[in-house]
Amino acid sequence: MTSPQDSIHTYAHPYIPNAVPAVRQAMLEEIGAAGVEDFYADIPDGIRLHRPLDLPAPLRSEAELTRHMEELLGRNTSTRQALSFLGSGCYQHHVPAVVDEVVNRSEFLTAYAGEPYEDHGRFQALWEYQSMMAELLDVEIVNVPVYDGFQASGTALRMAGRITGRRRVLVATAIDADKLSRIRDYVRPDHDVTVIPVDPDTGCADLGAVREALAAGDTAAVYADTPSALGIVDEALPRLAGLAHEAGALYVVGCNPLTLGVLAPPSTYGADIACGDIQPLGLHQSFGGGNAGFIATHDEERLVAEYPSRLFGLVPTSVEGEYGFGDVAYERTSFALREEGKEWVGTAAALHGIGAGVYLALMGPQGMREIGETILALTAYARRSLAEVPGIEVPYGDALHFADFTVRYTGGRTAAEIRAELKERGIFGSTPTGTHEAAYCVTEVHTRADIDRLVATLKEIVK
């Protein structure tokens, strides 16, 4: 009987090139390696698995593999199959059919990174996306999307650090725990992250504490989210800009771009760098995977020079009246500098940028305003309605909320218990943020009847 390890060396995989054992051995001999394990020698022994992965036996046919994958995918329940009030960074919005029609065109879907040798309009499509995002954000420069909004925030903060030459980053608003973890991991080699607790009564930034932290003079950037992790649009956002600049730091603001039809963009109240996730702009939730990050600034050389990601521009060609599209300041990027690059940037999520561009073109300024007003109104209605349920408190008073908001359960039931009972009744919601606190989210896909159903169901659960 052969071991799983033996089968690896005798089995030629039908889909993996150079899997024939004799070919593998010839490749190893060519580079002077005794075996595949030589390539993993740098991985510490303490985190090595030392056993085969717990996977099913290899499926030898495409038909078997397809059936197996369909069975796995069939276990999922999407937010289209249940009434969902989940948010916190990945939102359920209506995606117009034309968005999917455009992004699934072969010249976009299979164009890899849109290199000149195989570009069939992708450069132009992304330039159009950048232009519309720049108009929405009231800036001149927006990058080709990076992987997600979390990375965009981390990159924006590292840009600020390279400009100021300082190490500390202050987070001044409530921030999602997963986002904070990702930012800390991403900036760890160059920066220390200090979170300033928000005012517990208002949920807004504690300006006195921020001012005190800035007094040390070592802060590279003050970071704020709008809306914050609590769903609050903080009235202190412009004052944070003043505090940051007085201390010689940059002001970085993460924002939900869907709010910008009704709320002022960060550039108008002092942000040096704006960043965020374009998932709300025509991207499906994809079970938590439909994300892409943007970074935006004014056209200042000190800022543009620090973008590690691609920027596509419009230039005249040798034919009068004809224009082409391509990389701007290519020498900044890791594509040009390789291991000497300021940050590494790969293929990223450019296709999602095209989807967001189609969405923005369809919506236009009036559509963005209408969807923003709708979400604000539904958020206010949901908060008022839930505040009337015995055993539920809706904190932070009259603060303006957009989509996300927090509730507290006062009847003794935990947030996890209530979430489980909601799920049994066909409702996704109540993302626990504490033992007796949870986050809900409403968007334009919800109706008042949906919110009333949530309220009625919670009355049964918490009484």
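The model shown is predicted, which means the values in this text are computed figures rather than measured ones. Numbering of residues begins at 1 and proceeds along the displayed sequence. Only heavy atoms go into these numbers, but all of them, side chains included; no hydrogens, no water, no symmetry mates.
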Using modelled atom types and a 3.5 Å cut-off, is there a donor and acceptor pairing between side-chain atoms of [X] and backbone atoms of [Y]?
X    : Y    : value
N291 : D148 : no
D404 : S88  : yes
R162 : E306 : yes
T333 : Y330 : yes
T435 : A415 : no
E444 : H94  : yes
T219 : A221 : no
R239 : E235 : no
S286 : G288 : no

Quick one: does [X]'s side chain get under 4.5 Å of [Y]'s, heavy atoms only?
X    : Y    : result
L311 : D327 : no
L281 : L360 : yes
L258 : M368 : yes
F428 : S78  : no
Y223 : C275 : yes
L207 : E212 : no
V304 : D299 : yes
F150 : I183 : no

Describe, in one word, how the ring planes of Y396 and H401 are oriented to each other, choosing from parallel (under 30°), tilted (30 to 60°) and perpendicular (over 60°).
parallel
Any idea how Y251 and H245 line up, ring-wise: parallel (<30°), tilted (30 to 60°), or perpendicular (>60°)?
perpendicular
Is any NZ, NE, NH1 or NH2 atom of the basic residue among [X] and [Y] found under 4.0 Å from an Asp or Glu carboxylate oxygen of the other?
X    : Y    : value
E388 : R384 : no
R182 : D185 : no
R413 : E421 : yes

Salt bridge (Lys or Arg N to Asp or Glu O under 4.0 Å) with R168: which of D218, D192, D190?
D218
Tell me yes or no: between the side chains of [X] and [Y], is some donor less than 3.5 Å from an acceptor?
X    : Y    : result
Y91  : Q285 : no
Y147 : D277 : no
E322 : T317 : yes

Would I354 and Y359 count as a side chain to side chain contact (heavy atoms under 4.5 Å, CB included) here? Give the steps.
CA-CA 9 Å; I354 295 177; Y359 182 85; over 6 Å; no
Take Y440 and R383, measure what side chain to side chain contact (heavy atoms under 4.5 Å, CB included) needs, and give me the verdict at the end.
CA-CA 9 Å; Y440 288 85; R383 295 182 73 234; over 6 Å; no
Could you go through T447 and D450, starting from their C-alpha distance and side-chain angles, then the distance that decides it, and tell me whether this counts as side chain to side chain donor-acceptor pair (under 3.5 Å)?
CA-CA 5 Å; T447 64; D450 292 332; 3.2 Å; yes
Rounded distance (nearest 0.5 Å) linking atom OG of S181 with atom CD1 of I175:
10.0 Å
Before you tell me yes or no, could you show the steps for F312 and W127 under ring-ring contact (aromatic ring centres under 6.0 Å, His included), namely the whole-Å CA-CA distance, both residues' side-chain angles and the distance that decides it to 0.1 Å?
CA-CA 6 Å; F312 289 159; W127 179 81; over 10 Å; no
Residues T379, F402; criterion side chain to side chain contact (heavy atoms under 4.5 Å, CB included); working and verdict
CA-CA 6 Å; T379 306; F402 187 96; 5.5 Å; no
Take R453 and H446 through the test side chain to side chain donor-acceptor pair (under 3.5 Å) and record every step on the way to the result.
CA-CA 11 Å; R453 177 184 166 192; H446 296 102; over 6 Å; no
Determine, stepwise, if the pair V99 / L362 fulfils side chain to side chain contact (heavy atoms under 4.5 Å, CB included).
CA-CA 9 Å; V99 175; L362 287 169; 4.1 Å; yes
Checking side chain to side chain contact (heavy atoms under 4.5 Å, CB included) against V222, which of L250, V253, L214 comes through?
L214
Can you spot which of T155, T297, N143 makes a side chain to side chain donor-acceptor pair (under 3.5 Å) with Y307?
T297
